[in-house]
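Here's the structure, in structure tokens; my notes come after.
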2 protein chains.
Amino acid sequence: MKRPRGRPSQGKGVSRELILDAALALLEEAGEKSLTMRALAARLGVTPMSLYHHLEDRAELLSELSGRVYTEVLSDSDGPSDHRRQIREILVRYHDLVGKHPQLTLAIFAEPKAFAGMSRRITDRLTELLSAITTEHVLWRDILVDHSHGSGLALAAAFAEPERAQSIRDYYQQALDGLLGRLE
Amino acid sequence: MKRPRGRPSQGKGVSRELILDAALALLEEAGEKSLTMRALAARLGVTPMSLYHHLEDRAELLSELSGRVYTEVLSDSDGPSDHRRQIREILVRYHDLVGKHPQLTLAIFAEPKAFAGMSRRITDRLTELLSAITTEHVLWRDILVDHSHGSGLALAAAFAEPERAQSIRDYYQQALDGLLGRLE
DNA sequence: ACCTGAACACCGTTCAAGT
DNA sequence: ACCTGAACACCGTTCAAGT
């Protein structure tokens, strides 16, 4: 069934939300090159041109998906925790999102604009947290963020090899804990 | 002038070398999306189809360029130096190559196959060197490689902002020295 | 307001034909 | 062996027209 069941019966209309949902699904199923405006429209049972009533162009699709997925990095944590723990939570959450959306992440990495947006989301909050526990907060922020991006890149590129991906996850947390332990 | 001067006068032929040179130049000038088989052929004064006598397809172009550029990472260093210094040389050379070829690097990062190839080039030699100076060589290899990839990603994405790129370079070396100092 | 058909200006790649 | 013209199966996007 191409269309969700709970929609008004004969309505052919698509919403921005529906388009973005379908785009993310298509992207992760088939890769960035397969996410074409035409394939996306076909999946929604609509003409390619109708998408342009809801989106500027294809570039907006990726930057919007990037925003949608990666705002989650800063979602509130469960309980109160110290700074070091909060830093860890943000970075692990980021790393997990990369693992959950490898194709989106690879697409973002190749697009400097989308990359900058996603990166800032992590960086800003981290700088704040690090300022409270070290004077070298810029240096440590760069070390932690760069290391996370690099491991994320390896993780995303390993999307087709689950056991390799798992080992990347394990080593990431181990390395992260090692770095955080030295942060003092 | 579209054609190098030193070639046989009326020969229209292109070689694999000429194609790769032109492809790299076009890629860095105009970005990955602009590196089309048709534009590349036009730059060489030849029909698009003639390229297929020298290359399998467009994918081979990128993976071949990746190989060509990033073998340089392992080029022999000037004099004899200790292990720590050799590690530093490899990583800095890698980082510099990223800065010199940002568009190629962004394209490689988005292509898991090309990324794996480039990554192995750095990783293998590093593992060897690290084994000689620490028992936790796998952990440290991941930390160093991931950090370099992450900073490289930021550097490549900043190709349009030279002063930001320079600051990324500075912080990378600072962080790298910090990490190498703690390696023991 | 939203959807459509037709069109424009592109792609990568294949094939059969030329030299 | 290498280059070509023509063609195929695609792209993103625009425009004028329909409801």
Side-chain angles (χ1 to χ4, degrees), chain A residues 2-4 7-24 26-27 29-66 103-104 106-108 110-111 113-114, chain B residues 2-4 7-24 26-27 29-66 103-104 106-108 110-111 113-114:
Chain A
K2 278 191 177 178
R3 190 171 294 273
R7 297 207 74 231
S9 41
Q10 24 69 293
K12 265 197 160 189
V14 288
S15 67
R16 192 167 222 270
E17 289 300 298
L18 274 178
I19 293 174
L20 291 170
D21 287 343
L24 186 56
L26 181 54
L27 175 60
E29 284 166 22
E32 196 250 345
K33 275 172 200 156
S34 300
L35 174 58
T36 69
M37 299 299 271
R38 295 171 116 107
L40 179 55
R43 175 187 268 251
L44 289 161
V46 105
T47 311
M49 308 77 207
S50 84
L51 299 178
Y52 290 89
H53 291 276
H54 305 273
L55 299 161
E56 194 68 29
D57 53 23
R58 190 182 182 276
E60 203 199 336
L61 215 57
L62 286 177
S63 71
E64 187 66 25
L65 287 178
S66 161
Q103 300 285 359
L104 172 64
L106 290 176
I108 291 170
E111 202 87 25
K113 234 183 122 134
Chain B
K2 278 191 173 174
R3 189 171 293 274
R7 298 207 74 231
S9 39
Q10 22 71 293
K12 265 198 162 189
V14 289
S15 66
R16 193 167 222 270
E17 288 301 298
L18 273 179
I19 293 175
L20 290 170
D21 287 344
L24 186 57
L26 181 53
L27 175 59
E29 283 166 21
E32 195 252 344
K33 277 171 198 156
S34 301
L35 174 57
T36 69
M37 299 298 272
R38 295 171 115 106
L40 179 56
R43 175 187 269 250
L44 290 161
V46 106
T47 310
M49 307 77 207
S50 84
L51 299 178
Y52 290 89
H53 291 276
H54 306 272
L55 298 162
E56 195 67 30
D57 53 23
R58 190 182 183 276
E60 202 197 336
L61 214 58
L62 287 178
S63 70
E64 186 66 25
L65 287 179
S66 162
Q103 300 286 359
L104 172 64
L106 290 176
I108 290 170
E111 203 86 26
K113 236 182 119 131

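Residue numbering restarts at 1 for every chain, and letters A, B, ... go by the order of the sequence lines.
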Grab the [atom1]-[atom2] distance between [X] and [N] for me, whole Å please.
X: L35(A); N: dC10(D); atom1: CG; atom2: P; answer: 17 Å
X: K33(A); N: dC11(C); atom1: NZ; atom2: C1'; answer: 13 Å
X: M49(B); N: dC3(D); atom1: CE; atom2: P; answer: 13 Å
X: Y52(A); N: dG12(D); atom1: OH; atom2: P; answer: 6 Å
X: E56(A); N: dT14(D); atom1: CD; atom2: C1'; answer: 13 Å
X: L51(A); N: dC15(D); atom1: CG; atom2: P; answer: 17 Å
X: R58(B); N: dG12(C); atom1: CZ; atom2: C1'; answer: 9 Å
X: E60(B); N: dT13(C); atom1: CD; atom2: C1'; answer: 14 Å

Quiz item: Is the backbone N or O of V14(B) less than 3.5 Å from a side-chain atom of H54(B), with the two atoms forming a donor-acceptor pair by type?
Solution: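 Yes, the answer is positive, given that a donor and an acceptor are paired below the 3.5 Å cut-off.
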Measuring from the side chain of [X] (C-beta onward, heavy atoms only), which nucleotide among [options] has the closest atom?
X: S50(A); options: dG12(C), dG5(C), dC3(C); answer: dC3(C)
X: V14(B); options: dC3(D), dG12(D), dT13(C); answer: dC3(D)
X: H53(A); options: dA6(C), dA7(D), dC2(C); answer: dC2(C)

Self-check item: Pairs involving residues 32-41 of chain B, ordered by first then second residue, that meet salt bridge (charged side-chain N to carboxylate O under 4.0 Å, His left out) (sequence neighbours left out)
Solution: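 Salt bridge (charged side-chain N to carboxylate O under 4.0 Å, His left out) check on residues 32-41 of chain B returns E111(A)-K33(B), E32(B)-R58(B).
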Exercise. Report the base-pairing partner of dG5(C) (Watson-Crick or G-U wobble, both distances below 3.5 angstrom), or none.
Key: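 By the stated definition (distances under 3.5 Å), dC15(D) pairs with dG5(C).
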Self-check item: dC10(D) pairs with, by Watson-Crick or G-U criteria that keep both distances under 3.5 Å
Solution: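 Per the H-bond distance test, none.
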Quiz item: Closer than 4.0 Å, any side-chain N/O of T36(B) to the OP1 or OP2 of dC11(C)?
Solution: yes
Self-check item: Phosphate contact (dA1(C) OP1 or OP2) by H54(A) side-chain N/O below 4.0 Å
Solution: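 Result: no.
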Quiz prompt | Reported CD1-to-CG distance for the pair I19(B) and L51(B), which is rounded to 0.5 angstrom | solution = 5.0 Å
Exercise. Output the distance between atom OG (S66(B)) and atom CD (E60(B)), rounded to the nearest 0.5 Å.
Key: 12.5 Å
Quiz item: Going through the distances and angles, do L27(B) and L62(B) end up as a side-chain contact (heavy atoms from CB on, under 4.5 Å)?
Solution: CA-CA 10 Å; L27(B) 175 59; L62(B) 287 178; 4.3 Å; yes
Exercise. Could you say whether R38(A) or T47(A) is positioned toward the 5' end of DNA chain C, judged by the nucleotide with the nearest heavy atom to each?
Key: T47(A)
